[in-house]
Amino acid sequence: MVRTAPDAVVVGAGPNGLAAAITIARAGRSVVVYEAAPTPGGGARSAELTLPGFSHDPCSAIHPTALASPFFRSLDLGRHGLEWIHSPAPLAHPLDGRAAVLERSVAETAAALGSDARAWRRTFGPLVRAADGLVPELMGPVVHVPRHPVALARFGLPGLRSARGFGRGAFDGDEARALFAGMAAHSMLALDQKLTAAFGLVFGLFAHAFGWPMARGGSQRIVDALVATLRDHGGEIVTDHRVTSIADLPVARAVLFDVTPRQLLVIAGDRLSSAYRRRLAGYRYGPGVFKLDWALSGPVPWSSDGPARAATVHLGGSIDEIAASEAEVAAGRHPDRPFVLFVQQTPFDPSRAPAGRHTAWGYCHVPNGSTLDMTDRIERQVERFAPGFRDLILARSVRGPADLEAYDENYVGGDINGGIQDWRQLVFRPSPSLDPYRAGAGIYLCSASTPPGGGVHGMGGHHAARSALRHELR
Ligand SMILES: Cc1cc2nc3c(=O)[nH]c(=O)nc-3n(C[C@H](O)[C@H](O)[C@H](O)COP(=O)(O)OP(=O)(O)OC[C@H]3O[C@@H](n4cnc5c(N)ncnc54)[C@H](O)[C@@H]3O)c2cc1C
């Protein structure tokens, strides 16, 4: 039980809720976090989903946004045991019979891309050189006064284009186009939509500038380190405590919600203005995901060189195939050959499974709320690039959108980004405002439904807490 009224309350102990609480506690204010689940972490936890001794990442597995996050970089998470593991290459993308590989170095990546070497260097070289100034600009509200307008323009102008238009225009070869399209498909949007090129540019920039690492021992370690940091600063966490109404919370000067707009309306709707309520009611959710985790008897038998060196492997073939898969999802249908985001943890972190055994993680995009079992279609895509994969499966965990939402209610209809990230909802997230975190006096939204959106980075929570510190917590 919390003994005295805290300065601030945070609802939800996902990466953003914890970031909000740490920011407030570091400023010397008292804070209590209420979390519905038995353990903190939201989308960054670990669990034995398949067999004893196999530790899986139920949600996030690979963390470029954590390394890029100015907030995470301001913490000494290593002191609390967090260790990042980088596979030799951040990303591989098999095409039939061969594979494109994104190396940490722009020059090395370019050197293997043949006629696209110069175009890859020209696309990513200037962004990586400007990373120190550019990345903080990208990890906050889109509407702001830029501190690095030149770097932002260099990123923003091509980023406004569709991923397919940019990918086909900038690169000639299948390898570079496919690499770019796979990264852009993290947007969970049709790749013909405006601004989807920005996702390809951001994920490429992060790969070259920071890497796409995993946490040794599993994603839970990130949260364990955040929780330890919060406790160092006197913050408290109450788990197994689902908040259904703001009226049930201790009186506090500020309440920050690591939930999505739909939940905020239910929990605190009567404290919000009618105009803001209307805007939240119009907030849109995006496609869901269908997720598999596997316990394997051996390493994934890739048919080309390259994927064995990368923790993340994009399985979907050419730019046109990936675009077709994402267009199907955007149209509310299920692709026959889905674009699969695949991660192999154990070649780089053997602690996740018994000796000689392996774990793998994969998901594809599906229409929001889909109930179709995509297991066979996902495994066919893996088999296509790694024949014999199915023979290695000892056990699998299968979770569709409803299971993900039951696990963490922020994943509405299986949407893992807290709302669709099309241009309108990227710019106005969750609604048009210069301070998109402030929902009303003393009430803040701090989840992935605020800028900069989905991913484990804590920046939504950090920005929301800073707003509360400027207003009610001065
Ligand atoms: C399958 C999958 C794969 C992913 N892969 C990656 C990846 O590889 N890399 C990456 O960076 N990101 C990945 N993500 C996305 C990432 O997990 C999320 O974007 C991130 O966790 C968002 O953080 P958050 O704090 O906003 O919300 P969440 O992490 O969702 O946390 C919200 C928390 O609030 C709690 N909560 C909600 N409502 C209430 C309530 N009423 N009362 C109390 N508590 C409540 C929830 O239980 C939860 O703990 C993935 C997500 C999924 C599902």
Side-chain angles (χ1 to χ4, degrees), residues 9-21 32-45 49 56-69 72 186 188 203 206 212-215 219 222-223 226 237-246 248-249 255-260 262-268 288-293 311-312 341-343 345 361-366 397 399-401 403-419 421 429 445-462 464:
V9 165
V10 176
V11 175
N16 277 312
L18 292 171
V32 182
V33 184
Y34 290 96
E35 166 55 50
T39 57
R45 284 183 270 177
L49 295 176
H56 298 276
D57 298 319
C59 301
S60 76
I62 297 293
H63 296 100
T65 57
L67 255 64
S69 163
F72 275 29
H186 284 247
M188 299 178 70
F203 280 103
F206 286 2
W212 282 22
M214 63 177 86
S219 300
I222 304 170
V223 164
L226 289 172
I237 303 182
V238 180
T239 52
D240 270 321
H241 188 114
R242 181 166 185 267
V243 175
T244 53
S245 167
I246 191 169
D248 298 337
L249 291 171
V255 185
L256 296 89
F257 288 93
D258 185 8
V259 306
T260 80
R262 185 177 297 183
Q263 297 139 276
L264 184 63
L265 275 173
V266 173
I267 301 172
V289 309
F290 190 94
K291 167 88 177 340
L292 297 178
D293 288 274
T312 304
L341 297 91
F342 186 90
V343 169
Q345 292 101 339
W361 166 115
Y363 70 81
C364 73
H365 303 148
V366 291
S397 146
R399 288 176 311 144
D403 306 306
L404 291 169
E405 190 174 337
Y407 178 77
D408 178 340
E409 57 195 287
N410 283 24
Y411 301 139
V412 177
D415 177 352
I416 67 174
N417 291 318
Q421 304 193 126
R429 192 170 187 84
L445 193 62
C446 72
S447 68
S449 306
T450 63
V456 174
H457 45 65
M459 289 305 294
H462 178 61

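When a ligand or atom number is given, it counts from 1 through the structure's own listing order.
Two residues are said to be in side-chain contact when any heavy atoms from C-beta on lie closer than 4.5 Å; C364 and V366 meet this criterion. Residues I222 and F72 are in side-chain contact: their nearest non-hydrogen atoms beyond the backbone lie under 4.5 Å apart. The shortest distance between side-chain heavy atoms of F257 and V10 does not fall below 4.5 Å.
Under the 3.5 Å distance criterion, the side-chain polar atoms of D403 are matched with a main-chain donor or acceptor of G400. Proximity of a side-chain donor or acceptor of N417 to a complementary backbone N or O of G419 within less than 3.5 Å is not detected. Here the side chain of S397 pairs no donor or acceptor atom with the backbone of L292 at under 3.5 angstrom. One N or O on the side chain of K291 and one on the backbone of P58 form a donor-acceptor pair closer than 3.5 Å. A donor-acceptor pair under 3.5 Å is formed between the side chain of H457 and the backbone N or O of M459. A donor-acceptor pair under 3.5 Å is absent between the side-chain atoms of H241 and the main chain of I237, judged by distance alone. Formation of a donor-acceptor pair under 3.5 Å by the S449 side chain with backbone atoms of G418 is found in this model. In this structure, the side chain of W212 engages the main chain of F203 through a donor-acceptor pair within 3.5 Å. Remark: side-chain polar atoms of D258 are paired, donor with acceptor, to backbone N or O of G14 under 3.5 angstrom.
Note: an N/O pair closer than 3.5 Å links A61 and ligand 1 by distance alone. Residue E35 has at least one nitrogen or oxygen atom sitting less than 3.5 Å from a nitrogen or oxygen atom of ligand 1, judged on distance alone. For the pair A37 and ligand 1, the shortest N or O to N or O distance does not fall below 3.5 Å. Checked by distance only, ligand 1 and Y363 stay at 3.5 Å or farther apart across all their nitrogen or oxygen atoms. An N or O contact shorter than 3.5 Å links N16 to ligand 1 by distance.
Close approach to G42 involves these atoms of ligand 1, each under 4.0 Å from a residue heavy atom: 29 (O), 31 (O), 48 (C), 49 (O). Taking a cut-off of under 4.0 Å to the non-hydrogen atoms of T65, the atoms of ligand 1 that pass are 11 (O). Every atom of ligand 1 with a heavy atom of S447 under 4.0 Å away is listed here by number and element: 26 (O). Taking a cut-off of under 4.0 Å to the non-hydrogen atoms of G454, the atoms of ligand 1 that pass are 19 (O). Heavy-atom contacts of Q263 reach the following atoms of ligand 1: 37 (C), 38 (N) (cutoff under 4.0 Å). Here is the list of ligand 1 atoms found below 4.0 Å of a heavy atom in K291: 1 (C).
For atom 37 (C) of ligand 1, the candidate residues are V266, L249, N410; the nearest heavy-atom contact is made by N410. The residue among V456, V10, V259 with a heavy atom at the shortest distance from atom 11 (O) of ligand 1 is V456. Among G14, A448, G455, the residue whose heavy atom lies closest to atom 20 (C) of ligand 1 is G455. The heavy atom nearest to atom 42 (N) of ligand 1, out of those in I62, D293, V243, T39, is found in V243.
The shortest separation from a heavy atom of Y407 to ligand 1 is not under 4.0 Å, leaving the residue out of contact. Contact between N417 and ligand 1 is absent, with no heavy atom of the residue lying under 4.0 Å from the ligand.
Looking only at heavy atoms of the protein, atom 24 (P) of ligand 1 is closest to D258 OD1, 3.3 Å. Protein heavy atom nearest atom 13 (C) of ligand 1, with residue, atom name and distance: S60 CB, 3.3 Å. Here the heavy atom of the protein found nearest to atom 43 (C) of ligand 1 is A36 N, 3.2 Å. At the top of the distance list for atom 28 (P) of ligand 1, counting protein heavy atoms only, stands D408 OD2, 3.5 Å. Among protein heavy atoms, the minimum distance from atom 2 (C) of ligand 1 is reached at C59 CA, 3.5 Å. Among all non-hydrogen protein atoms, the one lying nearest atom 36 (N) of ligand 1 is G12 CA, 4.1 Å. In terms of protein heavy-atom proximity, atom 15 (C) of ligand 1 is nearest to I416 O, 3.8 Å. For atom 29 (O) of ligand 1, the closest non-hydrogen atom of the protein is G43 N, 2.8 Å.
Rounding to the nearest 0.5 angstrom, the gap separating the CG atom in N16 from the OG1 atom in T450 is 6.0 Å. If you take CE on M214 and OG1 on T312, they are separated by 7.0 Å, rounding to the nearest 0.5 Å.
In this structure, R399 forms no cation-pi arrangement with F290, as its terminal cationic atom is not both closer than 6.0 Å to the ring centre and no more than 45° off the ring axis.
Electrostatic pairing of E35 and R242 does not count as a salt bridge here, judged by no charged N lying under 4.0 Å from a carboxylate O.
Residue-level proximity to ligand 1 for V11 is carried by the side chain, the only part with a heavy atom below 4.0 angstrom. Looking at Y34 against ligand 1, only its backbone comes within 4.0 Å, counting heavy atoms. Here H241 has backbone heavy atoms under 4.0 Å from ligand 1, and that is the only part of it that gets that close. Under 4.0 angstrom from ligand 1, the non-hydrogen atoms of I267 all belong to its side chain.
Ring geometry, H365 versus Y363: the interplanar angle falls from 30° to 60°, so the pair is classed tilted.
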